[in-house]
Amino acid sequence: EQARRALGAQITKPYQMPNNSLCAITLDPRLEQMLAQSVRQTPTELSLAMEPGLARHLLQWLSKTVQQMLSAGQPPVVICSPQIRLGFKRFFEASFAELAVLSYAEIPARVEVQNAAVIPCPE
C-alpha cells in the first residue's frame with residue numbers, strides 16, 4: 001500500500017478521462033466502516049470476512065453499476081479507504097475481473113473524482 005501511494009499518479013492514469021477527472025464508484029462511509037471491521041490480517045494474508053447478506057448487497061450494487069459503466073465506455077473503478085482496498089479487490093476480483101480498486105491515498109490532488117455511484121449501507 002505504501003508503494004501504491006508513491007505510484008498513485010501512474011496507477012490512476014489509465015482510468016482518468018482526458019480532462020484529468022476520474023469517474024468512480026464510492027462507498028457510503030458507514031459501509032466502509034462495516035468493511036473495515038471485517039478485515040482479517042495474518043502475517044501473510046489480508047482478506048475481508050463479510051457476512052453473506054453484506055456480500056450479496058455489494059455484489060448486486062457492483063453488478064449493476066459496473067455494467068452501467070462498461071456500457072458507457074468507462075473503466076469500472078471503485079475508490080475506497082487504503083485499509084480495505086486490498087481485501088475488497090481480492091474479495092471481488094473473481095466476480096469482476098475488469099474492476100479496478102483504488103484507494104483515496106493513491107489519487108493525486110489534481111485529479112477530480114466524479115461519482116458514478118455511491119453504494120449505500122444495507123438497511
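Side chains included, hydrogens not; waters and symmetry mates left out as well; all remaining heavy atoms used. Throughout, residue positions are numbered sequentially from 1 according to the sequence presented.
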Practice prompt. Answer yes or no: is there a side-chain heavy-atom contact under 4.5 Å between His57 and Cys121?
Written response: no

Worksheet item: For the side chain of Ser21 and the backbone of Met17, is there at least one donor-acceptor N/O pair under 3.5 Å apart?
Response: no

Worksheet entry | Closest non-hydrogen atom pair, Leu27 against Cys80 | CD1-CB, 4.0 Å

Worksheet item: Are Val101 and Leu59 connected, step by step, through hydrophobic side chains (Ile, Leu, Val, Met, Phe, Trp, Tyr) whose heavy atoms are closer than 4.5 Å?
Response: yes

Discussion item. If I compare all heavy atoms of Thr65 with all of Ala117, which pair ends up nearest, and what's the gap?
Written reply: CG2-CB, 3.6 Å

Worksheet item: Between NZ of Lys89 and CG of Leu46, what distance do you get to the nearest 0.5 Å?
Response: 14.5 Å

Worksheet item: When rounded to the nearest 0.5 angstrom, what is the spacing between NZ in Lys64 and CD in Gln67?
Response: 12.5 Å

Practice prompt. Can you spot which of Val78, Leu62, Asp28 makes a side-chain contact (heavy atoms from CB on, under 4.5 Å) with Ile119?
Written response: Leu62

Discussion item. On a heavy-atom basis, which atom in Pro122 and which in Leu31 lie closest, and how many Å separate them?
Written reply: CD-CD1, 4.1 Å

Worksheet item: Linking I/L/V/M/F/W/Y whenever their side-chain heavy atoms sit closer than 4.5 Å, directly or via other members, would Val66 and Ile79 fall into one cluster?
Response: no

Worksheet item: What distance do Gln16 atom CD and Arg110 atom CZ have between them, rounded to the nearest 0.5 Å?
Response: 6.0 Å

Item to complete: Calculate, to the nearest 0.5 Å, the distance between atoms CG and NZ belonging to Leu22 and Lys13 respectively.
Response: 11.5 Å

Practice prompt. Indicate, with yes or no, if Ile11 and Phe92 share a hydrophobic cluster defined by side-chain heavy-atom contacts under 4.5 Å among Ile, Leu, Val, Met, Phe, Trp and Tyr.
Written response: no

Worksheet item: Would you say Leu54 and Val118 are hydrophobically clustered, going by side-chain heavy atoms of ILVMFWY under 4.5 Å?
Response: no

Worksheet item: When clusters are formed by joining ILVMFWY residues with side-chain heavy atoms under 4.5 Å apart, either directly or through shared neighbours, do Met69 and Phe88 land in the same one?
Response: yes

Worksheet item: Do you know the tightest heavy-atom contact between Met50 and Leu58?
Response: SD-CD1, 3.5 Å

Discussion item. Is it the case that atom CZ in Arg90 sees more than 12 heavy atoms from other parts of the structure closer than 6.0 Å?
Written reply: yes

Fill in: Value rounded to 0.5 Å, distance of CG in Leu102 from OH in Tyr15
6.5 Å

Item to complete: Before giving the answer on side-chain contact (heavy atoms from CB on, under 4.5 Å), spell out for Leu70 and Glu98 the whole-Å C-alpha distance, their side-chain angles and the decisive distance to 0.1 Å.
Response: CA-CA 9 Å; Leu70 289 171; Glu98 67 281 343; 3.9 Å; yes

Item to complete: With rounding to the nearest 0.5 Å, note down the distance linking CD in Gln114 to OG1 in Thr26.
Response: 12.0 Å

Practice prompt. Answer yes or no: is there a donor N or O on one side and an acceptor on the other, between the side chain of Glu106 and the main chain of Ser103, under 3.5 Å?
Written response: yes

Worksheet, complete the sentence: Correct closest heavy-atom pair for Pro108 and Thr12 would be CD-OG1, 3.5 Å

